[in-house]
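Here the structure comes first, spelled out in structure tokens, and everything after it is commentary.
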Amino acid sequence: MSCIVVGVTGGIAAYKAVEIVRQLNLLGFQVKVIMTEHATRLVGPATFRAISGNPVALSLFEEEFGAMQHISLSHEADLIIVAPATANILAKMANGLADDLLSTTLLASRAPVLAAPAMNDYMYAHPATEANLKILKQRGVQIVGPGCGFLACGGKGEGRMAEPSEIVDAALEILGLYRKLDGVNVLVASGGTREPIDPVRFIGNRSSGKMGYALAEAAKGMGAEVLLISAPTTMEQPIGVERVMVETAEEMEKEVKTRAPHCKAIVMAAAVADFTPIEISGKKIKKLEKGGLYLELKHTPDILKELGENKPVGQILVGFAAETEDLLEHARQKLKGKNLDLIVANDVSREDSGFESDYNKAFLLFRDGREVELSLMPKRDLASLIWLEIAGLLERA
Ligand code: PMT
């Protein structure tokens, strides 16, 4: 489910495809856009490039991507969305024509295809379009919309492209992710807490919040009511997610403990400080000419352990284990010692993943002894996989 190719063809609704790409991106998918030449007359490729974070593929003969771009995109795609799908692309798809990058990619791919027709009502009602849609449906192409309403040509009728959120929901359904957590209250704790030393200094860690925010976004995308308890971060508040900002381990403990009883699933992705200064200086500590600075530290509360000790029946509790050695051994101890249903073990000494990276390489260790090694993947993909597992655990709880 990691890569969705969005094919944008030359309909006025091409501007709405920007929102589709944006929503898919927020949900954690890797989105690659192919535009037909006509589509580029309506919306600039730069817009899709900025929103998707990937180069936009425009032609079969782009030096930058090599000669076989249609093959690489067709293999990479876990789903191809054609939106808007004009009468022309539907006709090409139905007849196996391959005369540009999008139609060639569609022919070369065996990924599921979702098409969102958009055209004038007469074109939509034409027997040729009707026949093409019938052929495509028989071949398993999923069609979303069109709806009835005002059309770009000025009239009113059937042919208006489905709304972006409907198209995204249809895509999630095809990928088996649609509303798996519908209405479920979940809590995600994210980021690295800060323990103040004086008004300008703190003890912190390298957590960026990327893993936690990816989890919050993925849960939202699957229909959950998400509460995100976040330590300081530069990450933007995910759309539709309630966020509570905290600073210290103690503040995080207070917020998490108050809200945990109302949640069906809790994921602690936060890097909570294990120690905090016993005393916080009210004034900036001055640099001494000689000698160092000695801080006396005390343990912070182990939030996850407390949650495990007071876990209501049916609640799913998930922790992370950030280790630099003996990853699985330490993770197993934490799984048991903190009474968790699942622990996500990540080796934070790797250069290609862990803290601050967009990627993670993890093992999933379950209470029942099941252990799954996952490949290196974007944090957003890992987040979706974790929630799929949690949805399964909730069903069985
Ligand atoms: O934020 P990023 O830059 O994306 O990086 C992601 C991450 C590396 C921070 C994340 O993937 C991760 O591993 N988070 C857990 C970090 C951590 O504190 O691990 P730990 O092994 O020290 O703690 C085990 C579990 O207990 C964690 O779920 C932690 O949230 C929890 N804990 C720890 C200490 C404490 N006082 N209270 C806790 O609840």
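First listed ligand is number 1; within each ligand, the first listed atom is number 1. Just so it is clear, the model here is predicted, and its values are computed rather than measured. The basis for the numbers below is simple: all heavy atoms, side chains too, and nothing from hydrogens, waters or symmetry mates.
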Flag, side chain of Asn205 to backbone of Ala271, donor-acceptor distance under 3.5 Å: yes
Heavy atom to [atom], shortest distance: which of [options] holds it?
atom: atom 12 (C) of ligand 1; options: Phe320, Tyr213, Tyr359, Phe355; result: Phe320
atom: atom 35 (C) of ligand 1; options: Val318, Val344, Leu304, Val272; result: Val272
atom: atom 34 (C) of ligand 1; options: Asp302, Asp274, Ile343; result: Asp274

Distance-only donor-acceptor check, side chains Ser230 and Tyr213, under 3.5 Å: yes
Glu250 CD: over 12 foreign heavy atoms closer than 6.0 Å: no
NE2/His330: more than 12 non-hydrogen atoms of other groups inside 6.0 Å: yes
Do [X] and [Y] make a side-chain contact, defined as non-hydrogen atoms from C-beta onward lying under 4.5 Å apart?
X: Leu90; Y: Met119; result: yes
X: Val344; Y: Leu364; result: yes
X: Lys254; Y: Val246; result: no

4.0 Å heavy-atom contact, Lys379 with ligand 1: yes
Ligand 1 contact by Gly212, heavy-atom criterion under 4.0 angstrom: no
Quick one: which ligand 1 atoms are inside 4.0 Å of a heavy atom on [X]?
X: Asn360; result: 11 (O)
X: Ala273; result: 36 (N)
X: Pro301; result: 35 (C), 36 (N), 37 (N)
X: Val348; result: 8 (C)
X: Lys210; result: 1 (O), 2 (P), 4 (O)

For ligand 1, the portion of Thr300 having any non-hydrogen atom under 4.0 Å away: side chain
Location of contacts on Lys338 toward ligand 1, heavy atoms closer than 4.0 Å: side chain
Using a 3.5 Å cut-off on N or O atoms only, is [X] in polar contact with ligand 1?
X: Ala322; value: yes
X: Ala321; value: no
X: Gly209; value: yes

Side-chain ion pair, Asp99 and Lys92, N-O less than 4.0 Å: yes
Electrostatic pair Glu173-Arg179, nearest N-O below 4.0 angstrom: no
